[in-house]
Amino acid sequence: MSYVDEVIDLVVEKNPAQPEFHQAVKEVLESLRVVVEQNEEAYRKDALLERLVNPERQLMFRVPWVDDKGQVHVNTGFRVQFNSAIGPYKGGLRLHPSVNLGIIKFLGFEQIFKNSLTGLPIGGGKGGSDFDPKGKSDREIMAFCQSFMTELSKYIGADTDVPAGDIGTGAREIGYMFGQYKRIRGVYEGVLTGKGLSYGGSLARTEATGYGLLYLTNEMLKCNGIDIAGKTVAISGSGNVAIYACQKAQQLGAKVVTVSDSTGWVYDKEGIDVALLKEVKEVKRARLTEYAANRPSAEYHDGKGVWTVKVDIALPCATQNELDLDDAKALVANGVIAVAEGANMPTTLEATKYLQENKVLFAPGKAANAGGVATSALEMSQNSERLSWTFEEVDSKLQSIMVNIFHNLDDAAKKYGAEGDYVVGANIAGFLKVVDAMTAQGIV
Ligand code: NDP
């Protein structure tokens with residue numbers, strides 16, 4: 001049996017009931033096969049892949065908090081410090097009832113390669129809790145965040161592990177967590193990114209993942225002789241990534257006709273009104289029915305459906321496994337040209353394969369949504385320098401990082417005989433740097 005298959009089997013056997021983690025490991029290791037086979041003996045001797053798929057440290061802890069009626073609740077907190085070969089652990093905190101150890105491990109594993117691809121010195125980690133911020137008062141959110149950070153603060157720091165936002169963790173949650181860290185540890189340092197501008201945040205961090213997704217998508221299209229201007233785009237989700245992807249797509253001359261949330265989706269034939277979307281989602285924290293109620297050109301539909309609309313470009317920006325084989329078939333039947341992942345692992349393995357077989361340009365999340373973590377690393381640099389850069393400075397660095405990422409993965413795919421397969425390219429390019437650092441640092 002090949003080394004890759006042995007390690008995939010081992011991961012499945014040793015990590016029962018963690019299907020998302022199995023899926024992420026399979027996707028990465030399968031596409032590294034060509035590199036691993038060239039170095040099989042040395043990698044096996046060093047147990048390199050076993051070390052890669054085993055987090056350096058996994059933390060699980062109790063998070064008790066009191067609601068507005070005086071009732072005590074207990075959630076579970078997680079932080080998986082996956083790999084620090086190229087820098088301090090870096091990755092977001094997800095607050096969603098679906099969170100479990102397997103999901104945090106899949107996200108942390110992906111983060112290793114994503115962070116490597118940015119070219120910046122950041123290792124891979126991820127964390128969060130099964131806490132549901134929806135419908136909670138500000139005071140309840142603060143109570144949860146303070147309790148969560150009381151424990152997490154023992155394990156993180158500006159030079160060891162720097163968490164950020166993710167699903168359910170926005171500026172408000174980061175603020176409460178930063179305040180509690182400072183209070184407990186007594187240091188004012190850049191321990192979290194995604195901070196508010198008045199206390200060390202970076203301009204353009206809010207926009208970074210969505211903007212970065214479009215910078216990379218635009219470069220991928222350009223290199224394939226396609227102009228994004230005038231193209232029609234379907235976006236799923238209506239959170240941080242989706243909103244700013246929508247904004248940048250429109251700035252580049254494309255027309256975005258859909259957005260969604262966990263209860264339904266909107267088709268807007270005139271193109272999504274970003275100002276209205278922001279008002280509904282960022283200010284009122286309301287459902288998309290509110291968007292449709294205020295926009296005559298929009299239709300609201302319950303359930304899932306954005307991928308049934310005829311578009312040139314699809315940008316899944318909500319959550320994992322939201323674009324399956326049937327969705328991929330519908331997109332291909334409607335003539336889609338490109339799919340780029342704003343969310344983490346939104347496309348199932350079968351759907352990815354189907355899209356690639358049908359010559360759809362496919363940009364995987366670990367490359368396409370790396371703009372968020374890249375700008376977080378720029379926030380870390382500004383914190384260390386005690387300086388703040390202008391929006392234009394950060395945005396132009398982000399743009400060149402995303403363009404570089406595309407060329408790195410394009411080159412890696414070509415070098416290893418998989419031209420145009422950006423999944424293989426991204427995994428190989430991300431992997432080689434991490435492996436080089438791991439090998440140089442010995443058996444740790
Ligand atoms: P937000 O919480 O801001 O938004 C998430 C959006 O996805 C919401 O519209 C939400 O709808 C929808 N959604 C969440 N879960 C589901 C579900 N199970 N089914 C359908 N829709 C769902 O998160 P972000 O925009 O920050 O993150 C979106 C994705 O992008 C995630 O995969 C995240 O890991 C990834 N990502 C985010 C980065 C960032 O900088 N923010 C960086 C890199 C990746 P509702 O409001 O109804 O829950």
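Both counts, for ligands and for their atoms, begin at 1 and track the order of listing. Small disclaimer: the values here were computed from a predicted structure and weren't measured.
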Return a table of donor-acceptor pairs under 3.5 angstrom between the side chains of residues 141-149 and protein atoms on other chains or two or more places apart.
from, atom 1, to, atom 2, distance (Å)
S147, OG, P64, O, 2.7

- K397 charged N/C atom sitting above W389 aromatic ring, 6.0 Å / 45°: yes
**OP:** Give a yes/no verdict on a cation-pi contact between K248 and Y211, requiring under 6.0 Å between NZ or CZ and the six-membered ring centre and an angle within 45° of the axis.
**Re:** yes
Under 4.0 Å from ligand 1, residues with heavy atoms, in chain and number order, are R94, H96, K114, K134, D166, I167, G168, R205, T209, G237, S238, G239, N240, V241, S260, D261, S262, R287, C317, A318, T319, G342, A343, N344, N369
Sorted by chain and number, sequence neighbours left out, side chain to side chain donor-acceptor pair (under 3.5 Å) with K90 holds for T193
Centroid-centroid under 6.0 Å between F82 and Y89 rings
no
Residues passing the side chain to side chain contact (heavy atoms under 4.5 Å, CB included) test with T348, sequence neighbours excluded, are N321, D324, E350, A351
